[in-house]
Each structure stands twice: as C-alpha cells, then as structure tokens.
Amino acid sequence: MVKDLPTIYDAKSTEEEIYKFWEENGMFKADAKSQKPPYSIVIPPPNVTGVLHMGHALDETLQDILIRYHRMSGYEALWLPGTDHAGIATQNVVEKKLREQGKSRHDLGREKFLQETWTWANKHKSAILDQCKRLGASFDRSRERFTFDKGCSDAVKEVFVKLYEKGLIYKGAYIVNWCPRCQSAISDVETEYETEQGHLWEISYPLKNEAGAIIVATTRPETIFGDVAIAVHPDDHKYSELVGKTVVIPLSGREIPIIADEYVDRNFGTGAVKITPAHDPNDFEVGKRHNLKPIWVIDGEGKMKACGEVPPEFHGLDRYEAREKIVGLLSYKNFLLRTREHEHNVGKCQRCNTTIEPLLSEQWFVKMKPLAKEAIAAVKDGRIKFIPERWEKNYLGWMENIRDWCISRQLWWGHQIPAYYHNQTGEMVVAKENPDPENYTQDSDVLDTWFSSGLWPFSTMGWPDTNSDDFKKFYPTSVLVTGFDIIFFWVARMITMGLEFTKKPPFPTVYIHGLIRDEKGQKMSKSKGNTIDPVVIIDKYGSDALRFTMTSLCTYGGQDIKISDERFEYGRNFANKIWNASRFVLMNLEGVDNEEFDFSKLTIVDKWILNELNNTAKEFNENIKNYRIGETAHIMYDFFWNKYCDWYVEIAKIQLADDSLKLNTQRVLRYVLDMSLRLLHPIMPHITEKVWQLIPQKSEFKAIMLADFPVWNEKLSYPKEAQEMELVFETIKSLRNVRQSFNIPMSLMFDIEIRADKNEKSTFEAIEAYIKRLAKVDKISYSDSTDAPKKSAAAVVSASKIIIPLENLIDFNEEIKRQQKKLDKLIQEKNSLTGRMKNEKFVQNAPKELIEQTKSRIDEISVQENSINDLICSLKA
RNA sequence: GGGCGUUUAGCUCAGUUGGUAGAGCGUCUCCCUUACAAGGAGAGGGUCGAGAGUUCGAGUCUCCCAACGCCCACCA
C-alpha cells in the first residue's frame, strides 16, 4: 500500500533493487543491428590499480546522464565500459607487494612476474566497474574491454607495425626522462616539474699546462666526470682568449676542450657551462654539434657508474651522496669558489615522484609532427569541438609545438614491442608476429600505456576489423567526456590515432568538466588525507543524491568543483522531496482510470502547471544538447519543488475535494508526475524508476529508462493562463506577508474585501477557492468603493486592492511603516524608469518591446502608488 | 618567460546574444496546516576585485592593474 511507504526515502534498498531490475532485464545492452540512430560513448578506462574516486563519480555520472537521455530520446545508446592496464602504475603496485615479501621482480623473472600481475589485474579489473554500479551506471557490461586484452593487443600491434612501415616510429639514442626508481624511460608529459631550493656551485677548471682557470656554474656537480667540454658564448669577450684551450676536470684529471656555442647564456652564472651530453638534453645537442662523444657517469638506478671516467671512490654511490662528497672534495681542494642558493625546477616522475634523471639511452619514438597535422586540422576546421571552447587553444598550443613521443618503457607489464632481433646478426624485424622464434628474440621493452589507450575508441569496437557490427554502428563515438588533466595524455593521442587509422575523428565533441576538489579547493589525494569516498557518500545519502548534487555543481565553463560531505544533503533533500510528493500523488490516485486528462476540463491551475512542465521539457532538451548539464539539474529542482510541489500540489488538494474536478485533477497530477520523473530520470535514475513503477497506469514501456523522453508539445502551451496565475501568487503572497508581519496565527482566518480592477475581477472570482485555502481567508467580498478603508491592513496586487479588516489585531503605525516601505521601493523604481524614458537616446535606440515594457511598468507603478498613498492617508486619518 | 582561469549576499557558487542581479546553505520570525521538520510560510542581506573606456544603458564588451589558482616552456 502506498500509505505504508516510509516518509523518509530509503535510497539504499531502492537503489539496489532497481539496479538489479535493469540488469536482469538486460536493459543496458546495446543492439548493433538496431535501426535507431546510434549514440555511443566509450568510458575513459579507469586504471586497474584504482578504486572509484570522486573524479570518476562525476565523470561517470555525466556520461550516464547523456546515455540515459539519448536512450530515452530514441537513440540506440551504447556506453562501453572497460579498464586500463596502466603499465607503470600497476607494475609499481605489484612490485610494492613483492617488496613487502622481501622480493623484487627480478627474483621472479619476467614470466612469473607477469603471471603475478595478471592475477592481480584480473582480481581488480572489475572492481571499479562494480563500484560504478552503485552510481547507477547504465553501461553495457557484455562489451567490457581491457586495454591489455586480445583485441586491444592486436590493435596495438597493427598500429605499431603500420606506423613503423610509414617511418613514423623509429628507434634511436636520445636524452629521455629516466626514472631511477621505476628504472624506465618516461615521456615528457609524464614528467612534472616542481620548484626546489637548490644550489649553484661555481667550480674552477684549471687550464692545462698554464696558469689560470675557467669558472663554471652548475647545479649538478656530480656529473662533472661526464663533462666532455666547457662551453662559452662565441661573442663573449671575457672568454674569447680561452676558446680552443684545454682544461682539466677537477678530481678526475681528464682533459676537455673549451668550445664556443651560442646556446650559452652569457648573463647566467659565470657565462661558462660544463657540457655533459649523456645527462642533459641541452648538452646533448651541444655535444652533437661539436662531435663530442657522450660519457655516461650515472646509471639507470641513479648511482655513479663504475667506469674509468669516474674515480673509484665514487663507484656505486647514489647520485645525491656523490654530489655531497664531490662538493666536499672540491671545496677541500679549493676548486669550489662559491656556493649560491638557487631556485630551480626539477623534473619528477608522475607515478612515484622520484627526481627524474635526464639520460641518454636507446628508445623507441613516435614521430609526432606529421601525425599532428591532421589532428590540428580536425580541431581547427570544427570536425572536433571542445566544450568549453578554451581547451581548444590549450590543445592546439600543445599540438603545434609537439615533440616526439617516447613510447618504450623498460618495464614488464605492458604490450611488448613487436620488434624482433636475430640472435646472431642482430638484424631487426618489425612485425605482428615473431618471424622465426628459433632465431629471433623479441625486444624486451613494452609500450607506454597511453599507446593502447590512444586506440581505445576503435580498438574496443572490433578494429582493425572495420566490418565488425559494433565498428560500423557505433564508431565514431558521439562524445568524449573527461577532465582537462588528461587532454595531452589521452585526448590528443586518441584524436591523432583515430584520424590516422580510421580517417575519422573518434568523436565530434570533447566535453571537458572540472576537477573535484576538497572544500578548501585543494586537489584530493590519499597522501593529503582529504579524499571523499563516493561509496561512503552513496551509503550515507544515496546514489541519486550524489549524482544530483554533483550535476548541479557543474557549470558550463567547466570550473573545478569543491565538495564536502555536507553538500550532498542538497541532493538527498531533493530526493526526499520527490519521494514525498510522489507518495502524496500516489495516495490520491486510488480509483483513477487510465485515461489521459480531459483538455476541456482543465482549470487555470492545471493549464498553468502543464504550461510550466512544457517549458521545462523544452529547456531541458535545449540545455542538455548544449552540454549545459548543470542547468538541467537547476531547472528540474525549480520546476519540481517550487512549482509542482509548492503550488500545484497544494492547489490540487482543493480540486481533489471538489467532485466535479477530482478525476481530471488526479489525471493531471499523475501526468505531471510521470513527465517530471522522466525528465529527472537521466540525473536521478533510481528514485524515478522506483516511483514510476508505482504509478497505477498501464504503460507501453517496461521501465522509465526505456520510456520516451518529454519534448515540447504545442498542445500544452497556455501562456495566457500562466500569466493569469501571477494574480494568484501575488495575492496569496501578499496576504501571507500581512499575516506574518502582524503575527496573525494560521489558525485565525480573516475576511478580505477585494476592490478589483474591472479587468481582473473575473480572474479573482475564478481563483477564490485557492486564495481562501492557501491564505487562510474566510470570506471574500467585492466592492467598487473608493472610500478610505477603516482600520485595515491592505495589499496592492496588480491593479487591484485588497482590504483586510483587522481592527483589533494590528498596530496601524506598523502598517503605515510597512506600506511606506513598499511605496519607497516603488518610487525608486519609477524614478529610475522615468529617467530612462526622458533620455531621448534611450527612446531612439532601445528595442520597441523594452520601451513598451518600461511604459507599462511605469503605469502599473503609478496605479499602485496611488493606491498605497490612499491607504496611508486613510490610516493616518 | 608565455597562456588560461577565478574575483558577485556571511559561506559555496549560478548568471547563453549588453536592458539594471539569483540559488543552495547559514541568519532572523512564525508554524507539527491530513506528502514531506531531510518540511511549510515570511523576512533580512550585494556600490558584482580596483580603475578607465565603448554605449542611451555594462556583472556581461574593450583596455589596464591587483590578488589567488592552474597549465606550458625552462638558463647550466
């Protein structure tokens, strides 16, 4: 029984029950053979290392809203879920686990380690998607994918080989960002810079066979054993005598030349730079220009190399220990002339925050410039749009200055590079399969995890089989929804790869939302301990509450969103409001038939609410089509709470008590509830489904999630009645105001006398019952009298006056003050408006409607002004 | 060094073509009125960061400045 439904909405049990209902009925499954137009989204695949965090919750909610909206709007909607193998991140986690057991990956060996990681990945692969169920995610789990599964791996090989054959992938020795902890190269975008307080040491390099020295400033004295030259600017007169001479490296004694190169900034430090091509990107370039052979002095673990160039006492020392020892020795031997504080930016590994070591090594790269061309064009010519637009600039700026992408990683967990080397000759073959396993060994490096993510929109759809049903039906996808933090990592690469391999942009729109932050605006992170767990929020407030709150906080500009636990009360309270309003309607639907309401029997209030509903549906559709998703939440909140609940439901109580209106009112109540639930469903799927199922009405739809989404309907447009209803609202609000101002309890009914304007009298008569009930009025009388009312409060509404005789209840001085205050406000407004009308240029330039509007407002104010003046006079008398 | 964002009520923030500012929370009154106290009714609260300009009219457009935040580049 409806009466037995609790007055507090039980989100937890409802959400569980409803999700099960959808899932068991296979309602999330998309049909590639459907005749309906396609609408598809591929999920930004979460890492298998992670658990659901607030960022996912927002991202997934927005996607689910779009998917559910389009599903209801007649599209064949596919939301394809999946996860990312997340190369370094996952390997780090598994290695950490091993370390706790006192083991390293090398103790296990590659094969065993991979087995271990697969087990781990398989265990966690579904965990995060299972958590998404709590959000109500309507994705198609039958199509779940993993960046490391067979299909995605085949796509990776296909792409690698094709790019290699086109000359767009090459292998070579360059300076890369090397993480000594991960012991792998990482790409430029995986390197984050932090400002650190360091030192600038000035070191003296004595000239060979003569007196004198050159003084060099460096932040990295530990690399001096790798120096191959000292460089000065060619035009620097200070040093012109020295160019071409030879100096001796302190502590090691190796001899190196002084060279001239324009790279040197004369104004920085001493104007002389030590050149260490193996450990600095700029020095590498200088070294190449001058044909200087690089010397490695730091190894992959960040330790001093045990080689001839490095004095034995430093062998195996950590780079920072070595730095300290070298500085000490330099100082002791008087090579160190000065030490200065120096603030500089230091590269850190995105995954483990270890300081990056620029290291010369042999790696695989993707030549980006040729690929970027089309990726730039697609955004410039509008085939791909970013929302908000400003991200286009960001994307283009990066793309136009793009550098080659280092794609090889010295890891085990990832797609192994499909290059094979002959065991004897070393000859290299790049192919999807090993040409001859007997004699060829595969490259031991794996690919950057973003290489496979970059193929995600099509590798998940069956590509390279372009004839697969999914690829034909659902590719390109309809939109990409993500945060701005992965535009370079992911979005740019999907666009590049999508265009190169499918000749189509993988999506026409990139919808970028803000990032979730804590209440102080700080990024949420485990180390800061300021994270909010979405599952905890769902347990406490409900999934719909979480979704509604987050959605309402989304702005079109994609601003970051600050949240705190309590903010979710907003959505929870709204869910509860929906629940209770629904309970009321359902309780009052007993005995109603299945017919739609009778247009001929609609009252002014019925027409008003239908008109409002209609406008709301129109606005909802317009807003969501323009990705103003936050706005959809606001208009639904306003419509449902402030219009349907606060006014229509209250007035419906009066109509339900009237036998001649009862049935049609029931039908309107039901209709508006039904449509409201449909409008709310994309944002709050569970509660709307639950309530909708309780509505006693046969429907052609099995579930609200499959019902038609409301659109604008000419037949429900009643602008005239909507206008007339203003009189109801104004009258009731003024009467309530009077009541409150004089502390008249609701239990005390009073009579009113309406001195109606002749155009408004019939409307007042039509709405008498509403005024009586909602303003607690006993009797209403009409009068044409212009006499001063005696000892009354009064309200001026539109062009009419309402007199409230309250002889013993009010202080007339207070009433005079009250009226005076209103009068002052009106006069102020009138002055401003008449001032405007006196301005000739305004009258000349302003649009006609505005002038008309201004005129009629002035007239209106004049009438009200007179009325109030009369009132004040009579009160004073 | 270059670019972007933010600055509006006590707090958190909306504000689409320029027409004279809104919401939620909080505050103050009153109310258990038969859907809802996670509720209802009423009220108070802002010279829209500073300055200049365009315009009949600027929170909204232009310029400049300031504070805070972010991104990119990076000189050892």
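So you know, we letter chains A, B, ... as the sequences are listed, proteins then strands, and number each from 1. Every heavy atom of this structure was used, including side-chain atoms; hydrogens, water molecules and symmetry mates were not.
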TODO: Starting from C1' on B/C31, measure out to NZ on A/Lys776 and report it in whole angstrom.
DONE: 11 Å
TODO: Take the protein atom CD1 of A/Ile624 and the nucleotide atom P of B/U16, then report the distance between them rounded to whole Å.
DONE: 20 Å
Open item on the list: Nearest to the A/Arg403 side chain among B/G19, B/A73, B/G5, which nucleotide is it?
Closed with: B/A73
Task: side chain to side chain donor-acceptor pair (under 3.5 Å) evaluation trace for A/Ser741 with A/Asn737 - done: CA-CA 6 Å; A/Ser741 300; A/Asn737 189 309; 3.0 Å; yes
- [ ] Would you mind reading off the distance between A/Met746 atom CE and B/U33 atom P, rounded to a whole angstrom?
- [x] 10 Å
TODO: From the options B/C30, B/A76, B/C56, select the nucleotide whose nearest atom is closest to the side chain of A/Phe268.
DONE: B/A76
Task: Test: A/Lys528 and A/Asp518 ion pair at under 4.0 Å - done: no
Task: Any N/O donor-acceptor pair, A/Arg736 side-chain to B/A41 base, under 3.5 Å - done: no
Open item on the list: If you compare every side-chain N and O of A/Trp641 against the phosphate oxygens of B/G40 (OP1, OP2), does one of them come in below 4.0 Å?
Closed with: yes
Task: Residue A/Tyr193, side-chain heavy atoms: nucleotide from B/A35, B/C4, B/C74 that is nearest - done: B/C74
Task: Near-strand residues of residues 847-858 of chain A, defined as heavy-atom separation under 4.0 angstrom from RNA chain B - done: A/Pro847, A/Leu850
- [ ] Tell me which nucleotide among B/G39, B/G40, B/G19 gets nearest to the side chain of A/Ala846.
- [x] B/G19
TODO: Can you figure out which of B/G42, B/C30, B/A35 approaches the side chain of A/Lys577 most closely?
DONE: B/A35
Open item on the list: Measuring from the side chain of A/Tyr263 (C-beta onward, heavy atoms only), which nucleotide among B/U29, B/C36, B/A76 has the closest atom?
Closed with: B/A76
Open item on the list: Between the base of B/A35 and the side chain of A/Glu650, is there a donor and acceptor pair under 3.5 angstrom?
Closed with: yes
Open item on the list: So for A/Asn345 and B/C74, does any side-chain atom that can act as donor or acceptor lie under 3.5 Å from a complementary atom in the base?
Closed with: yes
TODO: Could you check how far CD1 of A/Ile402 sits from P of B/A73, rounded to whole Å?
DONE: 11 Å
- [ ] Measure up the A/His342 and A/Phe268 rings against each other and bin them: parallel (under 30°), tilted (30 to 60°), perpendicular (over 60°).
- [x] perpendicular
Open item on the list: What is the distance, to the nearest angstrom, from the CD atom on A/Glu619 to the P atom on B/G15?
Closed with: 15 Å
- [ ] Using distance alone, with no hydrogens and no angle criterion, decide if A/Thr270 and A/Lys238 have a side-chain donor and acceptor under 3.5 Å apart.
- [x] no
TODO: Treat a base pair as Watson-Crick or G-U wobble with both distances under 3.5 Å, then lay out RNA chain B in dot-bracket form, 5' to 3', with | for cross-strand pairs.
DONE: (((((((..((((.....[..)))).(((((.......))))).....(.(((..]....))).))))))))....
Task: A/Glu196, A/Glu190, A/Glu192 screened by salt bridge (Lys or Arg N to Asp or Glu O under 4.0 Å) with A/Lys348, the one that passes - done: A/Glu196
Task: Parallel, tilted or perpendicular: rings of A/Tyr541 and A/Phe568 (30°, 60°) - done: tilted
TODO: Just compare B/G24, B/C13, B/C71 and give me whichever is closest to any side-chain atom of A/Tyr570.
DONE: B/G24
- [ ] Describe, in one word, how the ring planes of A/Trp641 and A/Phe574 are oriented to each other, choosing from parallel (under 30°), tilted (30 to 60°) and perpendicular (over 60°).
- [x] parallel
- [ ] Describe the nucleic acid contact of A/Lys274 in one word from base, sugar-phosphate, nothing, applying a heavy-atom distance below 4.0 Å.
- [x] nothing
Task: Candidate nucleotides B/G24, B/C56, B/A76, ranked by approach to the side chain of A/His342 - the nearest - done: B/A76
Task: Distance between P atoms of B/C63 and B/A43 (Å, rounded) - done: 43 Å
